[in-house]
Protein chains: 2
Amino acid sequence: MLKITRKVEYALIALRHMQNKDSQAITSTKEIAVMYDIPLELLAKTLQLMARGGIVDAVHGPNGGYKIKVNLENINMIEFFEKIEGPLGLMDCYFDSDCTLISACNIRSPIQKINDNMRNMFENMSVGEITQ
Amino acid sequence: MLKITRKVEYALIALRHMQNKDSQAITSTKEIAVMYDIPLELLAKTLQLMARGGIVDAVHGPNGGYKIKVNLENINMIEFFEKIEGPLGLMDCYFDSDCTLISACNIRSPIQKINDNMRNMFENMSVGEITQ
DNA sequence: AATATATCAGACTATATTGGTCGGATATTA
DNA sequence: TAATATCCGACCAATATAGTCTGATATATT
């Protein structure tokens with residue numbers, strides 16, 4: 001429980017690796033997969049997700065690869081998780097709006113409070129902080 | 001990802017239910033299972049885990065059940081999770097102690113930073129806060 | 001004592017999620 | 001045209017979680 005997925009882990013490793021190079025340098029999937037001993041295909045998929053999500057730019061063809069596109073300080077961990085894994089279960093909860101799930105929320109689920117805390121924490125944590 | 005298990009959820013629901021009754025009142029598994037529509041056997045197991053963990057007291061026999069044993073403000077969420085699910089992956093990380101996993105930690109895993117933050121958050125959150 | 005009811009305990013199955021693989025398409029450089 | 005890299009979805013394998021079943025033990029009531 002409370003686990004971070006491999007895809008997210010691989011994505012962060014890849015970003016940190018690229019961050020330590022010249023900002024215009026191109027890094028291939030293979031380079032990262034070999035260096036950190038990560039399954040190539042799976043890493044490839046996560047890099048594709050980051051490209052789709054606008055976090056990195058892709059360069060096709062021989063000597064192709066990826067480079068970081070945005071300032072990692074400007075993207076929070078919730079956005080990041082959702083770009084890679086899709087919508088999280090950690091729904092936003094607006095106490096002052098009307099909520100059709102009040103009974104499910106209050107009667108059934110103290111979990112909501114935990115999720116609110118987690119979401120809040122990750123919204124205030126940038127990818128840059130994590131990759132250093 | 002980042003999900004809380006059903007057992008934890010059921011445990012919190014049970015505690016909140018008991019908290020709203022007289023502190024000496026006995027609550028059976030059945031009472032809770034019926035009221036919140038939770039699978040009886042699974043709820044039974046989580047209550048047993050809480051009894052083993054010293055959070056509740058069990059009363060055997062007819063009209064038996066459970067009652068809260070400790071002050072829920074004095075137990076943090078990490079302790080609670082571990083009583084119910086066993087050791088979490090969110091290891092403690094002591095930066096000033098020597099660590100045989102430094103390379104794995106620094107080179108491979110930004111995850112460590114995320115886990116440290118989560119652990120810190122849950123250590124400073126009491127079960128009482130969540131069950132109200 | 002016998003019976004009914006509740007917790008206790010572990011093995012077992014079903015389901016869902018995640019991790020990883022494969023095949024083939026598209027883009028680009030040489 | 002050949003080689004290399006990203007792209008994309010379908011697929012299978014491994015793991016984790018959810019839930020079920022069987023039987024034991026403790027105790028209150030009759």
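Bear in mind that the values here come from a model prediction, so they are computed numbers and not experimental data. By convention in this document, chain letters (A, B, ...) are assigned in the order of the sequence lines, proteins followed by strands, and residues within each chain are numbered from 1.
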Residues two or more places apart in sequence or in another chain: which of them pass side chain to side chain contact (heavy atoms under 4.5 Å, CB included) with A:Asn124?
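Partners of A:Asn124 under the side chain to side chain contact (heavy atoms under 4.5 Å, CB included) test: A:Asn120.
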
If the condition is side chain to side chain contact (heavy atoms under 4.5 Å, CB included), which residues does B:Lys3 pass it with, not counting sequence neighbours?
none

Check residues 59-72 of chain B and write down every donor-acceptor pair under 3.5 Å in which the side-chain atom is one partner and the other belongs to a residue at least two apart or another chain.
residue	atom	partner	partner atom	Å
B:Lys67	NZ	B:Gln24	OE1	3.0
B:Asn71	OD1	B:Glu73	N	2.9

Looking only at side-chain N and O atoms, does A:Arg52 come under 4.0 Å of OP1 or OP2 in D:dT6?
no

N/O (side chain, A:Thr29) to phosphate O (OP1/OP2, D:dT6) under 4.0 Å:
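It does, given that an N or O in the side chain of A:Thr29 lies less than 4.0 Å from OP1 or OP2 of D:dT6.
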
Among A:Val127, A:Ile130, A:Asn20, whose side chain to side chain contact (heavy atoms under 4.5 Å, CB included) with A:Leu15 holds?
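That would be A:Val127.
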
Is any side-chain N of the basic residue among A:Arg119 and A:Glu123 closer than 4.0 Å to the acidic one's carboxylate O?
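Here A:Arg119 pairs with A:Glu123 in a salt bridge, since their nearest N and O are under 4.0 Å apart.
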
Could you tell me the separation between the [atom1] atom of [X] and the [atom2] atom of [N], rounded to a whole number of Å?
{"X": "A:Met18", "N": "D:dT6", "atom1": "CE", "atom2": "P", "result": "10 Å"}
{"X": "B:Leu43", "N": "D:dG19", "atom1": "CG", "atom2": "C1'", "result": "12 Å"}
{"X": "A:Tyr66", "N": "D:dA5", "atom1": "OH", "atom2": "C1'", "result": "8 Å"}

Give the first and the last nucleotide of DNA chain C, reading 5' to 3', that has any atom under 4.0 Å from a heavy atom of chain B.
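That gives a stretch of C:dA4 to C:dT18.
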
Would you tabulate the side-chain donor-acceptor contacts of residues 25-34 of chain A under 3.5 Å, counting partners in other chains and residues two or more places apart, or write 'none'?
residue	atom	partner	partner atom	Å
A:Thr27	OG1	A:Lys21	NZ	3.1
A:Ser28	OG	A:Glu31	N	3.1
A:Glu31	OE1	A:Lys21	NZ	3.4
A:Glu31	OE2	A:His17	NE2	2.9
A:Glu31	OE2	A:Lys21	NZ	2.9

Dump the pairs, protein N or O against N or O of nucleotides 21-30 of chain D, anything under 3.5 Å, distances to one decimal.
residue	atom	partner	partner atom	Å
D:dA26	O4'	B:His60	ND1	3.4

Does atom CD of A:Gln19 have more than 12 heavy-atom neighbours from other groups under 6.0 Å away?
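More than 12 heavy atoms, drawn from other residues, nucleotides or ligands, come within 6.0 Å of this atom.
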
Taking only residues two or more places apart in sequence, or in another chain, which ones meet B:Gln48 in a side-chain hydrogen bond (donor to acceptor under 3.5 Å, both in side chains)?
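side-chain hydrogen bond (donor to acceptor under 3.5 Å, both in side chains) check on B:Gln48 returns nothing, list empty.
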
A:Met118 vs A:Leu88 side-chain heavy atoms within contact, under 4.5 Å:
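The answer is no; the side chains never approach within 4.5 Å.
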
Can you pull every protein N or O that's under 3.5 Å from an N or O on nucleotides 12-18 of chain D?
residue	atom	partner	partner atom	Å
D:dT17	OP1	A:Met1	N	2.6
D:dA18	OP1	B:Arg6	N	2.8
D:dA18	OP2	B:Arg6	N	3.3

Look up atom OH in B:Tyr10 and atom CG in B:Leu43, then write down how far apart they are to the nearest 0.5 Å.
8.5 Å

What pairs meet the salt bridge (Lys or Arg N to Asp or Glu O under 4.0 Å) rule with one or both residues in residues 38-52 of chain B, with sequence neighbours excluded?
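Residue pairs with at least one partner in residues 38-52 of chain B: there are none.
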
